[in-house]
Q: 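Got a structure for you, written out below as structure tokens; questions coming shortly.
Heavy atoms only: backbone and side chains are in, while hydrogens, waters and symmetry mates are out. A, B, ... follow the sequence lines: proteins, then strands. Residue 1 opens every chain.
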Amino acid sequence: MAARRENLAALRSRGKDPFAQRRAEVTATAGELLERYGFLAATQDAAAEQWSLAGRILSKRTMGKTIFADLGDRTSRLQLYVRKQDVGEDGFADWNDLDRGDLVAVRGYMFRTKLGELTLHVTAFRAIGKALRPLPDKWHGLQDVEKRYRQRYVDLIVNPDVRDTLVMRSRLIAEMRRFIDGAGFYEVETPTLLHLAGGAAARPFVTHCNALDKAMQLRIATELNLKRLIVAGLERVYEIGRIFRNEGIDTTHNPEFTMLELYAAYWDVSDMMEFNEALIAHLVSVATDGGTDLPHGDGAISFQRPFARIEYLDAMAQCSGGRYTRERLLDSVAAQQILGELGLPASPTHGHALDKIFERVVEPSLIVPTFVSGYPVVISPLAKRRADDPEIADRYELFCATMEISNAFTELNDPDDQRARFDAQVSERLAGNEEIPEPDWDYVRALEYGMPPTAGIGVGVDRLIMLLTNARSIRDVLLFPLQRQHG
RNA sequence: GCGCCUUUAGCUCAGUCGGUAGAGCAGCGGCCUUUUAAGCCGUUGGUCCCGGGUUCGAGUCCCGGAGGGCGCACCA
């Protein structure tokens, strides 16, 4: 660091203070130039066309009166070629005071070196920012996982894979919006700060509002407010927003994460399944440059439409050799017995038991994209019952690579049924299940004004991005994953 | 919360049986006008995560603590 400060002082003494610079002319990015001049043959140049670009020096190779360096900008990395005879004595001295990590604006023309690399022959340049701290090892980059997450800015500078993944995330979410907007949905933003967090089973974060002198909660879902907007007549709404759940942290859980929730009036769960399948297939195509197969681990998963479809109860039966029948699963006592057979601890509720059984018995086999339809009503408090089977809800979940990717159902719009299910939840809550939220009675009031038949879906965006980018940990698709504080 | 692993130079890592701290890269000084993990010669650089203990002597052994990773548990 001392050496870098000396170089900074040297630049300043020649009137080239990098921190005094206000802006840089940029007429091209590294990526654009690499594409545009792909036709150049070795040693051939395009000296007639001058370009200006800006970025960070990622490496520097000095060879006497010549310097090769790599410039990185948001698109790519481009080699620079600087000759003393082009930039003069002073200019060359300035280059010697530039360190790896410094920010520069350069001007020059493209050529291809005799070893075949497209390179910018620099005719003019200027330091526009100085790195007082050295960059990590040019070859190994930053490996220390802890430092990578804590100092993500460094990770992003030196590890191209990290940047590629996070840039892909940005593109995929933009694509998701474009696709949904194209279907006539309004994007809305509903409050994060609520008096009562509902719409899912999860422990909320609690905070305090000084102005109201009230305890508040951070939302655990956007569901109830979005459906209020369906009551309000917006008909097609969605939100891509941050959700907070005060639970564990591991490779598939971060306390705050991004969820897509979308509601369409006049659709049922089958319409939603169509839409869901089209959306996922589209995103796979974007992620794979037009393909249908996603790399996953060492292999690949095909997202060729149509995806597999199976009934929840059939899946349970098949994966248990017929032992877990409808009768047993839908009976609270029998379901607990199954837990015992599986060697799992007893669950506080029937619903919890079903989730555990499914997780153990069915989920591990759900590798290819599969819609699992017809969840029991006991684990679907906000979903409509099937017309011909009132114990089963009109609901599906999409699984892929054993991860739940989306959860959708025909929304329950009968206020009396909704009130009854909330009452049942109150009992569960009193029985000690802390994840069951307090009922939001105003939501029932909203339903009393009339909600059209509606289908809704929730998609865990981070896990979807993990799938689409073949990331092993949710932290790899988050810019700043939560870390414990030092000290 | 439990178990296993891990923390040494700016970065990536080695460090034997407990004997006084090492390499590569980066940096610094030199040579080099098409290199690309440039090369060659020379050279600087340490809170060995923190706190105790055992010992003549601890990076190394013991106890406690902190951070991180993985697994389990928790978590639609």
Q: Could one point to a donor on the side chain of Glu117(A) or the base of rU34(B) with an acceptor on the other under 3.5 Å away?
A: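 Result: no qualifying N/O pair found.
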Q: Going by atom types alone, do Thr222(A) and Glu239(A) pair a side-chain donor with an acceptor below 3.5 Å?
A: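 Per modelled atom types, Thr222(A) and Glu239(A) side chains form no pair under 3.5 Å.
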Q: Does a side-chain N or O of Lys147(A) approach OP1 or OP2 of rG68(B) to a distance below 4.0 Å, or not?
A: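 No, outside the criterion.
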Q: Round to the nearest Å and state the distance from Ile405(A) atom CD1 to rA76(B) atom P.
A: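 It works out to 17 Å between those atoms.
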Q: Heavy atoms under 4.0 Å is the rule here; annotate nucleotides 21-28 of chain B 5' to 3' with B where the base is hit, S where only the sugar-phosphate is, and - elsewhere.
A: ---BBSSS
Q: So which nucleotide from rG68(B), rU33(B), rC13(B) ends up closest to the side chain of Gln143(A)?
A: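 So the side chain of Gln143(A) is nearest to rC13(B).
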Q: Please determine whether a side-chain nitrogen or oxygen atom of Arg203(A) lies at a distance below 4.0 Å from atom OP1 or OP2 of rC75(B).
A: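 So the side-chain polar atoms of Arg203(A) never come under 4.0 Å of the phosphate oxygens OP1 or OP2 of rC75(B).
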Q: Taking all atoms of both residues into account, what is the closest heavy-atom pair of Ala127(A) and Leu11(A), and its distance?
A: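 So the two residues come closest at CB-CD1, 4.4 Å.
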Q: Does Arg395(A) count as lying over the ring of Tyr375(A), i.e. NZ or CZ under 6.0 Å from the six-ring centre, within 45 degrees of the axis?
A: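 Satisfied, under 6.0 Å and within 45°.
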Q: Using the P atoms only, state how far rC48(B) lies from rU7(B), rounded to an integer number of Å.
A: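 Between the two P atoms, the distance is 15 Å.
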Q: In terms of relative ring orientation, are His121(A) and Tyr81(A) parallel, tilted or perpendicular, with 30° and 60° separating the classes?
A: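 Perpendicular: the ring planes of His121(A) and Tyr81(A) meet at over 60°.
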Q: Please determine whether a side-chain nitrogen or oxygen atom of His253(A) lies at a distance below 4.0 Å from atom OP1 or OP2 of rA76(B).
A: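 Negative; the distance criterion is not met.
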Q: In terms of relative ring orientation, are Phe307(A) and Phe371(A) parallel, tilted or perpendicular, with 30° and 60° separating the classes?
A: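 Phe307(A) and Phe371(A): parallel rings.
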Q: Would you kindly give the CG-to-P distance between Leu58(A) and rA37(B), to the nearest whole Å?
A: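 That distance rounds to 15 Å.
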Q: Is the shortest side-chain N/O distance from Arg83(A) to OP1 or OP2 of rU33(B) below 4.0 Å?
A: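 For rU33(B), neither OP1 nor OP2 has a side-chain N or O of Arg83(A) closer than 4.0 Å.
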Q: What contact category does Arg475(A) fall into here, base, sugar-phosphate, or nothing, at under 4.0 angstrom with non-hydrogen atoms?
A: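 Arg475(A): backbone/sugar contact only, no base atoms under 4.0 Å.
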Q: Per the atom types in the model, does the base of rU35(B) pair as donor or acceptor with the side chain of Thr113(A) at under 3.5 Å?
A: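 Between rU35(B) and Thr113(A), which were checked side chain against base, a qualifying N/O pair under 3.5 Å is present.
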Q: Does Arg150(A) have a side-chain nitrogen or oxygen under 4.0 Å from the phosphate oxygens OP1 or OP2 of rG68(B)?
A: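 So the side-chain polar atoms of Arg150(A) do come within 4.0 Å of the phosphate oxygens OP1 or OP2 of rG68(B), strictly under.
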Q: Give a yes/no answer on whether the side chain of Arg472(A) brings an N or O atom under 4.0 Å of OP1 or OP2 in rC70(B).
A: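 Answer no for this pair, as no side-chain N or O of Arg472(A) is under 4.0 Å from OP1 or OP2.
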